[in-house]
Peer 1: 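This structure is in structure tokens; I'll ask about it shortly.
Residue numbering restarts at 1 for every chain, and letters A, B, ... go by the order of the sequence lines. Everything quoted here is computed from the prediction, not taken from an experiment.
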Number of protein chains: 2
Amino acid sequence: MTTPAYSTATNRTAANQAVTDRTATHRTPAAGTPPYSTELARLAALLADRTRAAFCLALLDGRAWTAGELAAYAQVAPSTASEHLTRLTEGGLLVERRQGRHRYLQLAGPHVAELLESLTAHLDPPQGAPRGLRAVSASAALARGRTCYDHLAGRLGVAITDAMTARGLVDQDGGFALTDAGRDWFTDALGVEPADLRTGRRPQARGCLDWTERRNHLAGTAGARLCDGLLDRRWVRRIGSGRAVRLTDAGAAALQELLGLDGAAAGLR
Amino acid sequence: MTTPAYSTATNRTAANQAVTDRTATHRTPAAGTPPYSTELARLAALLADRTRAAFCLALLDGRAWTAGELAAYAQVAPSTASEHLTRLTEGGLLVERRQGRHRYLQLAGPHVAELLESLTAHLDPPQGAPRGLRAVSASAALARGRTCYDHLAGRLGVAITDAMTARGLVDQDGGFALTDAGRDWFTDALGVEPADLRTGRRPQARGCLDWTERRNHLAGTAGARLCDGLLDRRWVRRIGSGRAVRLTDAGAAALQELLGLDGAAAGLR
DNA sequence: GAGTCCCTTCGGTACGCACCGAAGACTCGC
DNA sequence: GCGAGTCTTCGGTGCGTACCGAAGGGACTC
């Protein structure tokens with residue numbers, strides 16, 4: 001009896017051989033497997049379930065949801081949701097904050113949002129007409145403007161990014177970066193000091209592929225500061241409690257002045 | 001008998017209700033589930049298996065492997081590998097090319113490489129000493145220089161990127177982008193026309209987080225052209241048949257001249 | 001044409017896990 | 001305190017699937 005080439009001597013423990021010698025089924029934890037494949041599989045497995053994926057996508061709005069809200073959203077029993085949420089938290093994708101009888105859950109940070117973005121960006125094309133029609137009519141407001149974790153997305157986010165690119169504040173030619181002029185603009189227009197743009201290892205500017213527009217909008221530290229700034233000044237306001245936002249009259253005027261952006265022409269109003 | 005809140009009327013088909021009314025187990029394909037969660041889960045599921053993850057990581061070197069090679073690498077039976085490879089191909093992550101009795105497999109494109117990068121970048125920290133010691137001593141050459149899909153990585157890739165950044169050819173301050181000076185450099189130093197740097201929707205420059213260095217190296221179109229250029233000129237050569245590369249004498253001199261990069265000091269030789 | 005090699009298909013096994021309901025733990029409000 | 005509300009734990013069920021060996025189909029070699 002010869003050992004097959006793919007089954008190295010260290011591949012199974014003696015105990016396992018005794019039990020599953022003839023009918024070898026699942027591979028044992030393995031000694032000589034290629035590095036990182038187990039870790040990668042474990043990370044992917046966190047998102048490889050429709051319910052958990054739905055949770056994460058819902059949390060992409062950057063806010064904290066309760067366990068119950070998420071369960072209702074994904075249409076599963078509270079007990080099921082609870083188990084999934086524990087798993088996502090232990091896997092490092094979510095953080096939780098217990099408050100009274102509620103368990104609030106949130107993405108563990110911008111890095112998780114970026115991870116989700118890069119995955120969703122590689123999904124099949126947006127599924128054509130049927131879904132589009134329904135989705136668009138059901139959420140025209142979302143397509144017009146919304147938050148994406150901590151920055152602006154939708155037509156609003158893309159239009160602002162385009163205007164900044166046209167003015168040389170953002171460089172989309174050679175990649176995606178904030179220019180020197182862009183840093184000055186943040187100081188002059190929004191009062192954001194350059195130091196506030198460099199926090200740790202997070203990049204100042206990052207392109208984030210927009211779901212609805214299939215174009216880049218500004219993310220990274222600068223994207224977050226921009227979103228904060230516009231919300232603070234009431235140039236942009238949240239619609240209801242969701243992630244949809246709208247441009248206010250004052251905001252339209254301000255963007256016209258600061259970026260030469262015509263809100264009406266860009267379909268933002 | 002009341003219907004629980006999370007179980008909408010459209011949630012189950014009549015047939016399913018008849019069969020699994022009391023002991024409801026798996027949720028049916030679902031009508032009213034949040035958009036994209038199913039697609040995201042399906043994509044993640046492709047990588048949520050150690051064997052498939054190992055295949056993809058192996059293919060990150062950009063070359064085409066045969067099904068048998070991959071099976072041996074991941075230590076599974078050929079039949080098992082075959083099934084996984086079919087699934088990865090149908091899922092769009094791999095492309096295959098049948099040639100004689102061989103089935104060659106390759107990543108489906110730079111977008112898949114980028115997807116894998118962004119996932120691996122978010123893995124747990126490199127696991128500390130035990131694995132580090134073994135891995136480092138076993139693959140010092142890999143740490144020194146290697147290809148990462150179609151560009152350079154390892155100390156070599158990071159050192160070149162740093163040198164380009166210091167010379168103002170790459171902007172890592174505001175994000176990650178090739179500057180105007182950088183485009184000129186590609187023309188002057190490598191004879192790469194600006195038009196060759198803009199192919200389709202792939203960004204010219206992208207930061208790719210290095211596994212071993214935990215720092216960015218140059219990826220995107222520019223990264224690919226750079227790698228091609230250095231290999232063509234024999235400034236960098238492949239070691240054996242793997243993904244490891246080494247800097248040649250001529251290469252060290254050239255990089256010294258073109259980028260002021262001291263190969264010996266950077267630990268590249 | 002026979003033998004070899006590479007891969008695929010098929011049947012069968014067993015494990016992982018997503019799901020639910022019921023019961024318990026804990027908080028809040030009256 | 002007592003009830004209502006939120007979440008967790010536990011037991012139980014069944015599907016999905018990762019795995020293997022054996023057998024079969026092409027494609028090269030001689």
Peer 1: Rounding to an integer number of Å, can you tell me how far B:Leu88 CG sits from D:dT17 P?
Peer 2: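 In whole Å, D:dT17 P and B:Leu88 CG are 13 Å from each other.
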Peer 1: Please determine if A:Arg146 and A:Asp210 form a salt bridge, counting it only when a charged side-chain N lies under 4.0 Å from a carboxylate O.
Peer 2: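 A salt bridge links A:Arg146 with A:Asp210.
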Peer 1: Hey, does the side chain of B:Thr80 come within less than 4.0 Å of D:dC19's phosphate (OP1/OP2), counting only N and O?
Peer 2: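 Checking B:Thr80 against D:dC19: no side-chain N or O falls below 4.0 Å of OP1 or OP2.
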Peer 1: Would you please classify the geometry between the B:His111 ring and the A:His122 ring as parallel, tilted or perpendicular, with 30° and 60° separating the classes?
Peer 2: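 A:His122 and B:His111: parallel rings.
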Peer 1: How many whole angstroms separate atom CZ of B:Arg50 from atom P of D:dT17?
Peer 2: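 Going from B:Arg50 (CZ) to D:dT17 (P), I get 18 Å.
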Peer 1: For D:dA18 and B:Thr51 - does any side-chain N or O of the residue sit under 4.0 Å from the phosphate oxygens OP1/OP2?
Peer 2: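 For D:dA18, OP1/OP2 do not have a side-chain N/O of B:Thr51 under 4.0 Å.
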Peer 1: Think A:Arg98 has a side-chain N or O under 4.0 angstrom from the OP1 or OP2 of D:dT8?
Peer 2: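 Yes, because at least one side-chain N or O of A:Arg98 sits under 4.0 Å from OP1 or OP2 of D:dT8.
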Peer 1: So, is B:Arg101 close to the C:dT4 phosphate, meaning a side-chain N or O under 4.0 Å from OP1 or OP2?
Peer 2: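 Answer is no, no contact under 4.0 Å.
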Peer 1: Check the surroundings of atom CZ in B:Arg234: do more than 12 heavy atoms from other residues, nucleotides or ligands lie under 6.0 Å from it?
Peer 2: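 Result for CZ/B:Arg234: open.
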Peer 1: Is A:Thr66 touching bases, backbone alone, or none of the nucleic acid, heavy atoms closer than 4.0 Å?
Peer 2: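 Sugar-phosphate only.
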Peer 1: I want to confirm an ordering. Mapping A:Glu83 and A:Gln99 to their closest nucleotides on DNA chain C, which one lands closer to the 5' end?
Peer 2: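 By nearest-heavy-atom nucleotide position, the 5'-most residue is A:Glu83.
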Peer 1: Starting from C1' on C:dC6, measure out to CD on B:Glu96 and report it in whole angstrom.
Peer 2: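 After rounding, the gap between these two atoms is 14 Å.
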Peer 1: D:dG16 C1' sits how many Å from B:Arg42 CZ, rounded?
Peer 2: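 It is 14 Å, rounded to the nearest whole Å.
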Peer 1: Any side-chain N or O of A:His102 less than 4.0 Å from the OP1 or OP2 oxygen of D:dC7?
Peer 2: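 Yes, A:His102 has a side-chain N/O under 4.0 Å of OP1/OP2 on D:dC7.
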Peer 1: What is the separation between atom CG on B:Leu70 and atom P on C:dC7, rounded to the nearest whole Å?
Peer 2: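 Rounding to the nearest Å, CG of B:Leu70 and P of C:dC7 are 9 Å apart.
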Peer 1: Ignoring backbone atoms, test whether B:Arg103 places a side-chain nitrogen or oxygen under 4.0 Å from the OP1 or OP2 oxygen of C:dT8.
Peer 2: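 Result: yes.
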Peer 1: Of the listed nucleotides (C:dA18, C:dC19, C:dT9), which one gets closest to any side-chain atom of A:Arg87?
Peer 2: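 The nucleotide sitting nearest to the side chain is C:dA18.
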Peer 1: In plain terms, say whether B:Arg202 and B:Asp150 are close enough for a salt bridge, that is, a side-chain N and a carboxylate O under 4.0 Å apart.
Peer 2: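 Answer for the salt bridge query: yes.
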Peer 1: I'd like to know if B:Arg206 and B:Glu117 make a salt bridge, using a cut-off of under 4.0 Å between side-chain N and carboxylate O.
Peer 2: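 Between B:Glu117 and B:Arg206 there is a salt bridge, with a charged N closer than 4.0 Å to a carboxylate O.
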Peer 1: Rounded off to whole Å, could you give me the CD-to-C1' distance for the B:Glu69 and C:dC7 pair?
Peer 2: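 In whole Å, C:dC7 C1' lies 13 Å from B:Glu69 CD.
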Peer 1: Choosing from D:dT8, C:dA18, C:dC7, which nucleotide comes nearest the side chain of A:Arg52?
Peer 2: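 For A:Arg52, the side-chain atoms sit closest to C:dA18.
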Peer 1: In whole Å, I'd like the distance from the CG atom of A:Leu85 to the C1' atom of C:dA18.
Peer 2: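 About 14 Å, once rounded to whole Å.
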Peer 1: Which listed nucleotide (D:dT9, D:dG21, D:dC19) is nearest to the side chain of B:Ser79?
Peer 2: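 Looking only at heavy atoms from C-beta outward on B:Ser79, the closest nucleotide is D:dG21.
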Peer 1: Starting from C1' on D:dT8, measure out to CD on A:Glu90 and report it in whole angstrom.
Peer 2: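 Going from CD in A:Glu90 over to C1' in D:dT8 covers 13 Å.
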Peer 1: Is there a side-chain polar atom (N or O) of A:His84 under 4.0 Å from OP1 or OP2 of C:dC17?
Peer 2: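 For C:dC17, OP1/OP2 do not have a side-chain N/O of A:His84 under 4.0 Å.
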